[in-house]
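Let me begin by presenting the structure, written as structure tokens, before commenting on it.
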Amino acid sequence: MRILICTDMEGISGVCIWDQTRDQTTAHYQEARRLLMADIAAAVDGCRAGGADDVVASDGHGGGFNFVPELMHPGARYLTGRQRTSMTQREAFFRAVDGVILLGYHAMAETPDGILRHTQSSLGGNRYWYNDRECGEIAQSALVYGHFGIPVVMLTGDTAACREAREFLGEAIVTVPVKEGYSAQFGLLMAPKDAHDRIREGAQQAMGRIRECRPFTMELPIRGRLRVGDKSIADARRTTRSRRVDDCTFETVFEIPLEIYSF
Ligand SMILES: [Zn+2]
């Protein structure tokens with residue numbers, strides 16, 4: 001059984017301010033990387049205890065080079081680096097994945113109680129709608145894995161991210177809240193070690209839910225709409241595939257879910 005642990009940083013236990021996730025030169029970011037590795041370790045342990053014999057962690061935050069190799073938990077391989085190839089080029093790998101864990105995810109832009117809430121761009125104020133339903137990164141990830149027939153079986157993040165995951169993906173998914181947001185950069189956090197216990201237990205439980213979780217799909221083609229934070233951002237966008245419909249909004253149509261990141 002192959003499990004893919006897709007990681008982001010904003011929803012990792014102990015992470016709650018932008019300084020931990022944006023600028024890779026800060027001490028805060030270096031600390032956040034270690035927190036990320038510890039959440040991954042707990043998830044890997046849980047997956048293996050639940051019967052997964054092939055666990056792969058994928059480095060997904062920002063440019064995609066956040067992992068600390070010497071802290072990668074034994075028993076996991078990992079995807080990381082720069083100049084990522086397209087998912088289509090890696091199709092054979094994805095076809096062998098039985099379930100996906102979204103680890104350290106965050107709520108969509110504008111979610112009042114979402115710690116480090118945003119969708120794709122934490123500075124640009126982007127918001128995305130697919131078939132008129134606003135979607136954040138949880139639904140976006142679920143949609144592309146759903147294209148390969150892979151269900152999301154578990155998510156960790158704050159309570160807002162967990163709620164968003166259940167709204168989009170249903171009640172069968174295991175959600176592990178590791179913090180509760182009061183504002184974008186302030187909330188009630190639990191000791192990372194306590195979070196690790198919950199993540200480990202959640203991952204083990206999720207291995208038994210794979211058949212209950214359905215791959216996330218949307219009616220095709222998908223009508224996509226992107227709204228950026230202000231007109232100057234829209235003016236600076238170079239896009240060939242979408243049509244600008246007002247100062248800040250672009251629209252296009254996606255034939256398959258894999259195209260959504262090319263907006
Ligand atoms: Zn991120």
Side-chain angles (χ1 to χ4, degrees), residues 4-40 42-43 56-68 71-72 78-84 87 100-111 113-128 134-145 152 154-165 168-169 175-179 181 183-187 189 192 195 199 226 228-229 233 260-263:
L4 184 64
I5 302 173
C6 295
T7 66
D8 202 353
M9 282 183 85
E10 289 85 354
I12 291 297
S13 66
V15 171
C16 71
I17 61 172
W18 293 119
D19 288 348
Q20 289 174 293
T21 66
R22 278 182 180 157
D23 179 353
Q24 298 206 345
T25 65
T26 67
H28 282 310
Y29 169 74
Q30 295 305 331
E31 182 202 25
R33 295 175 82 186
R34 292 192 293 273
L35 293 166
L36 165 68
M37 299 313 294
D39 277 16
I40 292 171
V56 179
S58 175
D59 195 344
H61 171 75
F65 191 70
N66 307 283
F67 288 175
V68 183
L71 296 181
M72 181 54 71
Y78 57 102
L79 279 164
T80 191
R82 299 222 190 279
Q83 299 171 344
R84 246 176 265 182
M87 291 180 80
V100 162
I101 291 175
L102 303 181
L103 189 86
Y105 268 58
H106 52 83
M108 70 172 80
E110 309 282 326
T111 305
D113 57 340
I115 294 179
L116 306 183
R117 58 207 177 216
H118 68 282
T119 307
Q120 295 303 331
S121 169
S122 62
L123 293 167
N126 293 12
R127 297 174 70 179
Y128 297 80
E134 185 168 10
C135 291
E137 294 181 27
I138 295 168
Q140 289 175 328
S141 290
L143 196 56
V144 296
Y145 290 112
V152 175
M154 171 176 162
L155 176 136
T156 78
D158 65 3
T159 49
C162 291
R163 181 180 68 229
E164 188 175 313
F168 277 90
L169 309 177
T175 54
V176 180
V178 299
K179 50 194 167 182
S183 78
Q185 296 192 82
F186 179 68
L189 280 67
I199 292 169
L226 161 65
V228 296
I233 297 172
I260 62 171
Y261 293 128
S262 66
F263 212 141

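Residues: numbered from 1 along the sequence shown. Start at 1 and go down the list; that is how both ligands and their atoms are numbered.
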With sequence neighbours left out, what residues match Tyr105 under ring-ring contact (aromatic ring centres under 6.0 Å, His included)?
none

Closest approach to the Zn ion (ligand 1) by Asp8, given as the N, O or S atom name
OD1

Contact check: Glu137 to the Zn ion (ligand 1), N/O/S below 2.8 Å
no

Among N, O or S atoms, Glu10 approaches the Zn ion (ligand 1) most closely through OE1

Asn66 and side-chain hydrogen bond (donor to acceptor under 3.5 Å, both in side chains): which single residue from Thr80, Asp59, Asp8 fits?
Asp59

Are any of the side-chain heavy atoms of Thr7 and Met9 separated by less than 4.5 Å?
no

With respect to the Zn ion (ligand 1), please indicate if His61 possesses an N, O or S atom at a distance under 2.8 Å.
yes

Got a sec, which residues hit side-chain contact (heavy atoms from CB on, under 4.5 Å) with Thr175, two or more places apart in sequence or on another chain?
Cys162, Ala165, Arg166, Ile173

